[in-house]
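A short worksheet on the structure shown next.
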Protein chains: 2
Amino acid sequence: MSEPIAWEPVPRSRTFELVLARIEEQILTGNLRVGDRLPPERELVELLGVSRAAVREALRVLEAQGALRPRVGTGPASGSVIAAMPSAGLTQFLRLHMALAHFPFADVVEARATLERSSARLAAAQATPEHLAAMREQLDRMDDPRLSLEKFNDCDTEFHASIAEAGGNRLIADMTIAVRNAVRHTLLKVFHELDDWEATAARLRSEHHAIYDAIAAGDSERAGELVEAHIRGFHHDLVYAVLDEPERGAEPESGTGS
Amino acid sequence: MSEPIAWEPVPRSRTFELVLARIEEQILTGNLRVGDRLPPERELVELLGVSRAAVREALRVLEAQGALRPRVGTGPASGSVIAAMPSAGLTQFLRLHMALAHFPFADVVEARATLERSSARLAAAQATPEHLAAMREQLDRMDDPRLSLEKFNDCDTEFHASIAEAGGNRLIADMTIAVRNAVRHTLLKVFHELDDWEATAARLRSEHHAIYDAIAAGDSERAGELVEAHIRGFHHDLVYAVLDEPERGAEPESGTGS
DNA sequence: TTTGGGGGCTTGGTCAGACCATTGACTGGG
DNA sequence: CCCAGTCAATGGTCTGACCAAGCCCCCAAA
């Protein structure tokens, strides 16, 4: 009885957190599944005995996590419907935390290399003709020498996303796409600052084609290695040469607005 | 002029989304950094010309993503402070989406194998004596044969988390830990249903020690391979033998309520 | 002069009630 | 049979109020 009593602080749960817990409980136990409708906000208010504001804040959190899709009006598709759309939320999440410099750029590159290596291996093992066609379409578009940097970057993103999709592992694919999206604007900035864009584009095209060939051939090992080398090589040789600041990525001159 | 005009739907932004966008803009441009305080809710209300409910819903989203830490009262630590606590949010996110069956268990195993392989390689390359000590502590605790399944599982989780931390890549570490946490209760269930727990524990202990040795020796290649084999092997040989349902993880008999 | 306590202000948390906008279903007239 | 107008359901927004937690500061007492 005389030990230094571990007075852990009582979890000062806010009302909306309790509401959130109730709803999540229903999801975790399987009572609520994708496509099911939540009771209307006003009904939840009386069911749970809280204010509508509390209910709405809880719903907002679920929505931000891509687990809820609200829709106004009447009819079968109206109301708050349980959904499973993790990509958007995950992308948003990573963008935010990268901006908070909590995830240094080098770490993100490493993560991309890891995830996309895995994606490529899976893709090589089980890509369907449709998946391969999706990749080829992006390759073809990137082969057009008149393509703007922006479009090229978009196609590049799409190409890598297609590989991730082809792997068939939704978790890895979503993480891959989210990470790629999170660095999208940074890469675009780098593209713009390159001395010789054409040489870089040529190199990327060639590497992309090699990756596609390996996947189409079903060579997992080679596909994985090529993608990893593609990502690491590009960032090591080019990005670090342009981006001098290792951490920050913001305002060089302008202070705040105010 | 006669092409099929791509009438993309106007982004019906809700008020709180606009508020969110304004705040995120400040974060992305670097005007708001970790530790900075947001203006008080009531002040944001007049600055942005919206209701307090709208402001609060936006803040709730940021908080759910681990980018904000609200605190009542006055003083330096009060108000809404920009933070960077991604782990909790990410774990919550994955748990939710795994429950929504959007991420099949096999996919999660694959993701763990990928992420932890990378973590182990990084850890072997740059683990400090402190990191190694943290791993050894968990190993020692797991060596105690009287340890309950629950405690063993916790130590197991901690051991893998230590490896991820030791790798020094926060993004990969956070994803690794979140994924491991997300399957924590599932693994515990499997442990309970095993025929011969002691044999399994012995095997896990041996594999853990081998992994630790490789990391301590700085052998990245071997550490990565061992971890990947550890995760894949365990799940392949044991989990699939226990879990028969490939997708669902919930109520075998009860339909829905109501 | 120092110290202790208490009032008051700031800030997030909650609530009640009202109104608006969107959407689909119902219904009556052509 | 079809169309348009109406209506109810539902999420979105706003207003204004009160509560609870903390810190600051001033004043009284030692």
Side-chain angles (χ1 to χ4, degrees), chain A residues 7-23 32 35-83 85 88-89, chain B residues 7-23 32 35-83 85 88 258:
Chain A
W7 280 111
E8 49 181 64
V10 54
R12 242 194 42 69
S13 273
R14 291 165 290 181
T15 308
F16 89 88
E17 287 179 324
L18 300 178
V19 176
L20 191 54
R22 294 297 181 90
I23 299 176
L32 280 176
D36 291 349
R37 291 181 48 177
L38 237 51
E41 294 179 0
R42 292 166 177 80
E43 196 171 323
L44 281 175
V45 165
E46 26 183 88
L47 285 176
L48 302 177
V50 299
S51 76
R52 203 170 154 209
V55 169
R56 286 180 59 80
E57 289 183 18
L59 297 184
R60 211 87 295 142
V61 171
L62 288 175
E63 187 189 344
Q65 287 171 336
L68 206 62
R69 186 226 52 189
R71 187 154 304 177
V72 296
T74 64
S78 72
S80 299
V81 180
I82 302 292
M85 331 163 64
Chain B
W7 280 111
E8 48 181 68
V10 52
R12 242 192 40 70
S13 274
R14 291 166 290 182
T15 308
F16 88 89
E17 287 178 325
L18 300 177
V19 175
L20 191 53
R22 292 298 180 89
I23 298 176
L32 278 175
D36 290 351
R37 293 180 44 177
L38 236 52
E41 295 179 0
R42 291 166 178 80
E43 196 171 323
L44 282 175
V45 165
E46 25 182 89
L47 286 176
L48 302 177
V50 299
S51 76
R52 203 172 152 208
V55 169
R56 285 179 60 80
E57 289 183 20
L59 297 185
R60 209 87 297 140
V61 171
L62 288 175
E63 186 188 344
Q65 288 172 334
L68 205 63
R69 188 226 51 189
R71 188 155 303 180
V72 295
T74 62
S78 72
S80 300
V81 180
I82 301 292
M85 331 161 64
S258 173

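Note: hydrogens, waters and symmetry copies are ignored here, and every other heavy atom, side chains too, is used. A note on names: the letters A, B, ... follow the listed sequences, proteins ahead of strands, and every chain is numbered from 1. The model shown is predicted, which means the values in this text are computed figures rather than measured ones.
Atom CD of A:E46 and atom P of D:dT10 are 12 Å apart (whole Å). Rounded to whole angstrom, the span from the CZ atom of B:R69 across to the P atom of C:dG13 amounts to 11 Å. Summarising the geometry, the separation between CZ on B:R71 and P on C:dT10 is reported as 21 Å, rounded to the nearest angstrom. Whole-Å rounding puts the B:L68 CG to C:dG13 C1' distance at 14 Å. Atom P of nucleotide C:dG12 and atom CD of B:E57 are separated by 16 Å, given to the nearest angstrom.
Regarding contacts with the backbone of D:dG11, every side-chain N or O of A:S78 stays at 4.0 angstrom or more from both OP1 and OP2. A:T15 has a side-chain polar atom (N or O) that falls below the 4.0 Å cut-off from OP1 or OP2 of C:dT14. At least one side-chain nitrogen or oxygen of A:S51 sits closer than 4.0 Å to the OP1 or OP2 atom of C:dC15. For B:R52, no side-chain nitrogen or oxygen approaches OP1 or OP2 of C:dG12 to under 4.0 Å.
Counting only heavy atoms from C-beta on, B:R56 has its side chain closest to C:dT14 among C:dT23, C:dT14, D:dG12. The B:R42 side chain lies nearest to C:dG13 when the options are D:dT10, D:dT13, C:dG13. Looking at the side chain of B:P40, the nearest of the listed nucleotides D:dC24, C:dG13, C:dT11 is C:dT11.
Evaluation of atom-type donor-acceptor distances gives no pair under 3.5 Å for the side chain of A:R14 against the base of C:dG12.
Under the 4.0 Å criterion applied to side-chain N and carboxylate O atoms, B:R60 and B:E63 are assigned as salt-bridge partners.
Both A:A54 and A:A77 sit near DNA chain C, but only A:A54 has its closest nucleotide nearer the 5' end.
Among the protein residues, B:G73 comes within range of the nucleic acid bases, having at least one heavy atom under 4.0 Å from a base atom.
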